[in-house]
Structures are given as structure tokens and as C-alpha cells.
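Numbering of ligands and ligand atoms starts at 1, following listing order. Every heavy atom of this structure was used, including side-chain atoms; hydrogens, water molecules and symmetry mates were not.
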Amino acid sequence: ALVVADTWEKAVKAAKLVKAEYVTERFETDFEKLRKYESKLKKISEYKRGETDAYKNADVFVEAEFSTPIETHNPMEMHATIAIWEGDDKLTVYDKSQGPKGTQSQLARCFGLEEKNVRVITEFVGGAFGASLRSWPNVPAAVIAAKKVKRPVKVLLNRRQMFSMVGYRPQAWQKIAIGANKDGKLVGITHHAISNTSRYEDYREGIVNASQFLYDCPNVNTSYKILPLDLNTPTWMRGPGEATGAFALECALDELAYKLNMDPVELRVKNYAELHPVSKLPWSSKFLKECYDAGREKIGWDKRQATPRSLKEDGMLAGYGMGGGVFGAGRGNAAVKAILKRDGSLILQSAVSDMGPGTATTMVKIAETSMQMPASKIRFMLGDTDFPPGPTQGGSTTTSTLGNGVSLVCDALKKHLKELAIANVASFKASTIDDIEIKNEQLFSKKDSTVKISLGELVSLSGKEQVEIIQESGRAAAEAQKYAMNSFSAHFVKVHVDPATGIVKLKEIIATGDGGKIISEKTARSQMIGGAVGGIGMALTEEVLIDHSTGKYINDNLGSYHVPLHTDVPHIDAWFPNKPDPVINATGAKGVGEIALVGFAAAVANAVFNATGKRIYKLPIKPEDLIS
Ligand code: MOS
């Protein structure tokens, strides 16, 4: 139900006067209890290579169960939609969306409209982390209401509704077992996972996937099941699946390293996968060893004590830990329009959105390099379906996909400008395309430096107001099929644990990530820093609690759902090998959005073990777990 009024206050007041009648039915929300009933589970996937449960025959093995709670994205900006009907069959919607094109096609299908008659504008997105990869009830509610009242309608979710109407990272249980020979060579990995979904949709994610391929291991078997509960449907949240799975995998490896009396990084190096263990394909690029080396050096890994609870600093138990991460590196199709104006400024347009990583900045950087012109004269416009179709911002693919489109449209524009000069400028008549170079806002002949014209003048001389060109990137080339493509990370942390209170403090964080070519150092670093902050929340504070007697969320507000505070966040340093991937796209960028988080919580749990000797298998790690 939706109450519409002409002020926010009246709407809120009126909504409180609505009396709902309902029939109480039996409901199930208790994941920990219900996951034990096989009949309630739905099988999603099984994987096996080599022998099943081969870890049992290894010299040394660990077996452990891991629990992770429901987590919500809780971006600063809540979901909001403004719907405006412009006639019976034409709709404009301002929305919080990671994919303007996706929202457009959902609305067209939902309301039986032609796509071209639906315009979605989502120019600024105040954080999302996956929460805006699909539309939530606020979107159709605003559209229906606007039709009924024949006026534009705005619907804004409140913070409580951000828990119940927007998806979340599902609760998960995992059992993982890893066995190795005495020298640390892995023999077998077994990984089983269950996560929750809703009663009305099957939400699934890749919790066990990384266990199949992050390390070289001959025998691996995994299974994944989902448990429908009477809750709203979960959705992708940063590092969906992999972040959950890496907590188990990277903690279990750490435990195995202690059992082997081996350095945890050395264990990973010993089992470094040179070929993708599932597809047997070579990676298009992989510089994870470089990440291990840089992480060790920068955190001061040599100060780590192999014996837990043996390093003390200022009365605190000190510990070092690391965790590795991985995520798919893909690229899709993007169309980008370039507009060169008479004043020599360049505008680029694509229907993508930016939930915070600084996509426009990164795209301007690519155009700056390609066009050899100052960034101050380039503007990237996004967030409007009237622009050429761009990808949804998700799965760490925006820089890879859209950057490729920008690079290609700049190439096309340069070629077109050279042709224009030859056709329209007397002094260039004798030149060929290969003779002409574009640099410093000018076209000039490589053979005779006196033959030149500025970009702006060329537009004027061509008799046009502006020169426009649209380029579509197309999907990845056939060449890409010959490679496995991933981004990789290794997170190194140092913690202090107060022996009296059990409070964990991050003291230092080194986040290393192989995201291919780093196009914009500043925004990529910010991705890694943001991921680490999210990871502190995952490791130490974030957890949605349910009252199973009523089926309601208990802590559905930012006062009691704790995201990290500034005081929880230490100095964070990010480091990249910064090596272009030669296959993925024209820029060599693979993406860092997800790897910034994947593996981080494990690094914290491993550091906590190193500091205290207590192995914690359940997130978030709480002070009471550490004092006993
Ligand atoms: Mo990300 S979970 O693809 O926004």
C-alpha cells in the first residue's frame, strides 16, 4: 500500500492511519535451525574433479564450519524514485539505479510500454554496493501512483524499509575441509555451502566457486544449496558469493598453514595456480605473487610471530593476518557517443551510472590519454537512457567495458577528424591519415609541423556546429575464449586485541590488487580503501538480527546495525602491480570493485588468531568471542 500526499509530512502521517488486516500464517526465518533439514533445501550446484573428499587421505588436514550473517548494503542514500507520466504511454523516471538501461527495460516490460518511451535518469547515485542492481518496490509504486493521481510522485524508502524492501547479502553456512602433504602441497578441498533465499525467488551466488580454482589442487568437490525462508529476497552485495566463500577458504588455509608449521603466504605460493584449474586455460594475466610480495613488505610481515599470542605492543595482543581474493574479470558491450564542439571541448555520453567509484573521472582519463588533450576540456555525461546504451555498473566490469567503449570511440573520432582535415582544410589536402597526428588540441602533419589546425577550428571549418560519432564496442573478441580472466587481491592486516575487553582494532591495512592496468590511480585506490572499510564491517560489526518469534528484523536502523566508524578505520594503503591485461580490452584494465572486499574478512580473522590464539568461525567477530 502507498499513501500519496502533497507534502512528505502529510504522507507519513496518513500512512500511520492505515489499518492493515491480515491472517497470520506459520513462517520460517531461523536459518541456523532450518538449514539442518535436508528436505527444506534446494540443490543448486555440485562440482567434482579428481576424488571426493580426498583431503581425508592427506598428511595434514583441517575441517571447519563457518557462519556469516545477513548483511545489508546500507548506502548513505536510500532508494528513491520520482515518476512522471508525459501522456498515456510515455514515462520519465528519476531513480537510484546502477543500470539506467536495465531499469528502463524493466519498466517497459512491467507497464507494457515501448522502451523508447521510457526515460530513466540516474545521474547521481549516493552509494549502492549492489543494492541498486535491480529495482525494488519503490519504483513500480511511484509509477502506479503517478498514473493514479495524474501528477509526478516521489517515493523515498526510509532506513527501516532499506532492510525489508531492498535485498541483502544472504546468511550462509559453510563447511570446508582442506588437506595437504607435509610439504604444503594441497591434496584435496571439499567445500559445501548453504545460503538463504526468499520463499518467492531463488537467489543464488558463487559461494563455493573460488575454492574450485583459486589454488592448484588435484581433488576438489563442492556443493551449494539454498534454503527458502519467509524473508525478502537477498541480492548481490559487493563480492557477491566470493566474499562469503573466501572467508571460509582463506581462514581454513590459514589454519592449515599453522598445522603445517608453514608461513600462510608460502602455503599459497606453494599452491599457486599457473593454469585455471577448472577450465585448464591460461590466465590472460595474473600478478598475484607480486601482490603477496608487496603486501608482505609493506605490512612488515617479518615482524609476524609464527606462534599465536606471542607478540605484545602497548599492553595489546598484536597479530598479523592475510587473506586472498578473486573475482571474474569480464567485459560486455558499451556504446559511447563523442561530441567535439567548436570551442574544442569534448563531450562523451553513455547510459551508465556511477554509484561512487568515479566512473566519469576514469573515463575522462582514458579520453585524455587517447586524445592527448587536457582533461579540463573533456566531460563525461552519464545517467540518462537518452544516451547510447552502456552497461550496468556491476560485477567489477564498468571500467573494463565502458573504458573500452571510450577508447574505441576516441580512436574513431581521431580517424574521422583526420578525414575531415584532409577534405576541408587546404593545407592538409596532400596529407594521408597516417601523416596526421593529434596532440595538444591540434591536428598536425608529422612531415611538416607548420601544417596544423586546432580541433575547434577544424569543427568550424567543416561547417558543423559539432562533430559527433557513436561507437559500439561489441563483446569480447574470440581471442578472449582462450583465456581465463580474473582480478586478484591479497589483503594484509595488523590488529591489536585488548586482552581485557576483547575489542579488536585494525592498526594497519595493506590492500593489494591485480586489476590489470590502473587507469585512475586515485579512484582505484579509493575502491580498495572503500572495500577494506566494508571488510572491517563484515569482519567486526555488521549483522542483521531477526526475532524468530515475530519474523521481524530487530536492528533495522543505523543505530544498531553497525557499519564501521571513522575510529574503526586505520591507515589503509593500496598497491597495484598495475600491469595491463593484454586480452581483455583496449585499455588493459580488469577491474577492482569486488576484489577490494573479497578475502578481507578472512585477513582480519587470521590476524585475530595470530594475536590471540582464538580461531573465530562466525562473523562478525565479537569481543565476547575473544575473552574467556
Ligand atoms: Mo556489485 S555486487 O556488482 O554492485
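Taking CH2 of Trp575 as the start and CG of Asp514 as the end, the distance is 8.5 Å to the nearest 0.5 Å. Thr512 contributes atom OG1, which lies 7.5 Å from atom CG of Leu288 (distance to the nearest 0.5 angstrom). The OG atom of Ser396 lies 11.5 Å from the NZ atom of Lys590; values are rounded to the nearest 0.5 Å.
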Report all N/O contacts between ligand 1 and the protein shorter than 3.5 Å as a table of atom names and distances to 0.1 Å; if there are none, say 'none'.
from     : atom 1 : to     : atom 2 : distance (Å)
ligand 1 : 3 (O)  : Gly395 : N      : 2.5
ligand 1 : 3 (O)  : Glu594 : OE2    : 3.4
ligand 1 : 4 (O)  : Gln98  : NE2    : 2.8
ligand 1 : 4 (O)  : Gly130 : N      : 3.1

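Ring geometry for Tyr553 against Tyr168 counts as perpendicular: the plane angle is over 60°, on a 0 to 90° scale with 30° as the lower cut.
Side-chain N/O atoms of Thr122 and Ser97 include no donor and acceptor closer than 3.5 Å.
Applying the ring-ring contact (aromatic ring centres under 6.0 Å, His included) criterion to Phe163, with sequence neighbours excluded, gives Tyr561.
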